[in-house]
Participant: 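To start, I am sharing the structure in question, which I have written as structure tokens.
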Amino acid sequence: MRFGIVTFPGSNCDQDAHHVVSHVLGHEARFIWHKETDLEDVDCVILPGGFSYGDYLRCGAIARFSPIMDAVVRFANEGGYVIGICNGFQVLTETGLLPGVLLRNQGLKFICEDTRLVVANGHSPWTVLCPETLVAPIAHAEGCYFASPEVIGQLEEQGRVIFRYASSRGEELAESNPNGSINNIAGIINEAGNVLGMMPHPERNSETALGDASGAAIFRSIIHSFEARA
Amino acid sequence: MRIRVHVTPRRGVLDPQGQAVAHGLSNLGFSGLGEVRVGKVVDLELTSESDPEAALATARKMASQLLANEVVEDFSVEVLG
């Protein structure tokens, strides 16, 4: 499988994502500079974490107008796999590929810690190989997921909330919600399921040398789904 | 022509910055304070517009396409001169 990792000015998790899909999981990966306009033969686009354009105006608001994003939107609309991690999730909501918005954390602080996720929908292309819960490193100041009650209702009804912040036993408790996200939402997919946005960083816990490798299950899932589809 | 765009969090949207400011103000001893909302101001210099209505229309377009995220923010525009 061929991964394309988009590098915006200010992206800082692009190298980690590249390392995981190529060195840890043994697939092809290449960096795509945001000024490029063609994704070429990529099978999955990764919009990595970081601070694209210094988070000016709103997180992800300027990155959305990078030349490569037209190609990413086309690719997503044709069913191509796209994952936005952290700042990448913010870019996806600004682009309109995913609904809602990521607001300033309820406690106003930048939070850098390991959280735990419960997999709320194990049937999506991104979660088929995921265990019930995952360790999920977060590092963000704007991760509080917000959308109108209608949109939240739709997401819940359609099983599009796929990750929620939870306790180590998988319970979705208020105290396991680090940032005030509605319904403990940590990750959602689009209606077709090919676009995932999540605030936690699975590329940071995808190998045992880093203490935990449960994040790799998300990348393994999409590789599995791609191979099953091909 | 100079145009000012005000961007404010929409009613009903959680505004933790506003809450923190309200908390700070009450710590300072200010009482009788209801809700506090924090927004932002963008001043635009539109060099090719001299008609106020046309300038406001352009600024509104800029606001809805980029300056504000209308999922959670409202905006208003005014002529500065």
Side-chain angles (χ1 to χ4, degrees), chain A residues 52-66 69-70 73 87 89-111 140-155 174 177-185 188 197, chain B residues 2-28 30 33-49 55-78 80:
Chain A
S52 59
Y53 294 90
D55 277 350
Y56 290 166
L57 195 65
R58 293 181 306 277
C59 306
I62 316 277
R64 164 194 161 196
F65 296 102
S66 276
M69 286 310 295
D70 282 342
V73 170
N87 188 225
F89 185 10
Q90 295 160 341
V91 174
L92 288 174
T93 58
E94 283 285 342
T95 311
L97 283 173
L98 291 173
V101 63
L102 285 311
L103 297 175
R104 179 70 68 92
N105 294 342
Q106 199 155 24
L108 291 175
K109 291 199 171 111
F110 185 100
I111 308 168
H140 60 245
E142 285 89 1
C144 172
Y145 184 78
F146 178 90
S148 68
E150 298 77 51
V151 169
I152 295 289
Q154 220 173 27
L155 289 174
N177 185 343
N179 53 26
S181 291
I182 293 178
N183 295 0
N184 286 35
I185 290 174
I188 57 168
Chain B
R2 293 193 313 124
I3 301 290
R4 176 162 288 177
V5 181
H6 299 264
V7 181
T8 48
R10 192 163 271 188
R11 290 233 146 260
V13 173
L14 180 77
D15 178 15
Q17 277 189 95
Q19 287 173 354
V21 171
H23 189 66
L25 289 171
S26 72
N27 283 349
L28 280 173
F30 290 98
L33 190 66
E35 203 182 15
V36 176
R37 317 280 289 165
V38 175
K40 59 190 138 200
V41 165
V42 183
D43 286 344
L44 302 165
E45 192 181 359
L46 302 180
T47 52
S48 58
E49 302 278 12
L56 288 172
T58 303
R60 275 191 209 101
K61 230 184 260 176
M62 290 173 169
S64 71
Q65 285 179 31
L66 176 63
L67 305 179
N69 181 338
E70 293 185 89
V71 176
V72 285
E73 293 170 327
D74 289 318
F75 67 84
S76 61
V77 291
E78 63 169 319
L80 288 183

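Here is how names work: the chains are called A, B, and so on, in the same order as the sequence lines, proteins then strands, and each is numbered from 1.
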Participant: If you measure only the distance, is there a donor-acceptor pair under 3.5 Å linking the side chains of Thr93(A) and Tyr145(A)?
Facilitator: no

Participant: With chain A as the partner, which of Val42(B), Leu66(B), Val71(B), Asp15(B) has the greatest number of non-hydrogen pairs under 4.5 Å?
Facilitator: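 Top count of heavy-atom pairs under 4.5 Å with chain A: Leu66(B).
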
Participant: Shorter than 4.5 Å, heavy atoms on both sides: which option in Asn69(B), Leu67(B), Val7(B) has the most such pairs with chain A?
Facilitator: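 Of the candidates given, the most pairs with chain A belong to Asn69(B).
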
Participant: Hey, is the main chain of His140(A) close enough, under 3.5 Å, to the side chain of Asn105(A) for a donor-acceptor pair?
Facilitator: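 Such a contact is found between Asn105(A) side chain and His140(A) backbone.
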
Participant: Would you check, one step at a time, whether the test side-chain contact (heavy atoms from CB on, under 4.5 Å) holds for Gln90(A) with Arg58(A)?
Facilitator: CA-CA 9 Å; Gln90(A) 295 160 341; Arg58(A) 293 181 306 277; over 6 Å; no

Participant: Side chain, backbone, both or neither: which part of Leu103(A) has a heavy atom under 4.5 Å from chain B?
Facilitator: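 For Leu103(A), the side chain is the part near chain B, not the backbone.
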
Participant: Out of curiosity, Arg64(A) CZ to Ser52(A) OG, how far, rounded to the nearest 0.5 Å?
Facilitator: 12.5 Å

Participant: Under 4.5 Å from any heavy atom of chain A, what part of Glu73(B) do you find: side chain, backbone, both or neither?
Facilitator: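 Contact with chain A: side chain only.
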
Participant: Under 4.5 Å, counting heavy-atom pairs only, tell me which of Leu108(A), Ile62(A), Val101(A) racks up the most with chain B.
Facilitator: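 It is Leu108(A).
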
Participant: Please classify the contact of Val13(B) with chain A as side chain, backbone, both or neither, using a heavy-atom distance under 4.5 Å.
Facilitator: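 Answer is both: backbone and side chain atoms of Val13(B) are under 4.5 Å from chain A.
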
Participant: Show, in sequence, the C-alpha distance, side-chain angles and deciding distance for Cys59(A) and Leu102(A), and conclude whether the side-chain contact (heavy atoms from CB on, under 4.5 Å) test is met.
Facilitator: CA-CA 8 Å; Cys59(A) 306; Leu102(A) 285 311; over 6 Å; no

Participant: Need one label for Gln65(B): side chain, backbone, both or neither, based on atoms under 4.5 Å from any heavy atom in chain A.
Facilitator: backbone

Participant: Is the number of heavy atoms from other residues, nucleotides or ligands under 6.0 Å of Phe110(A) CZ greater than 12?
Facilitator: yes

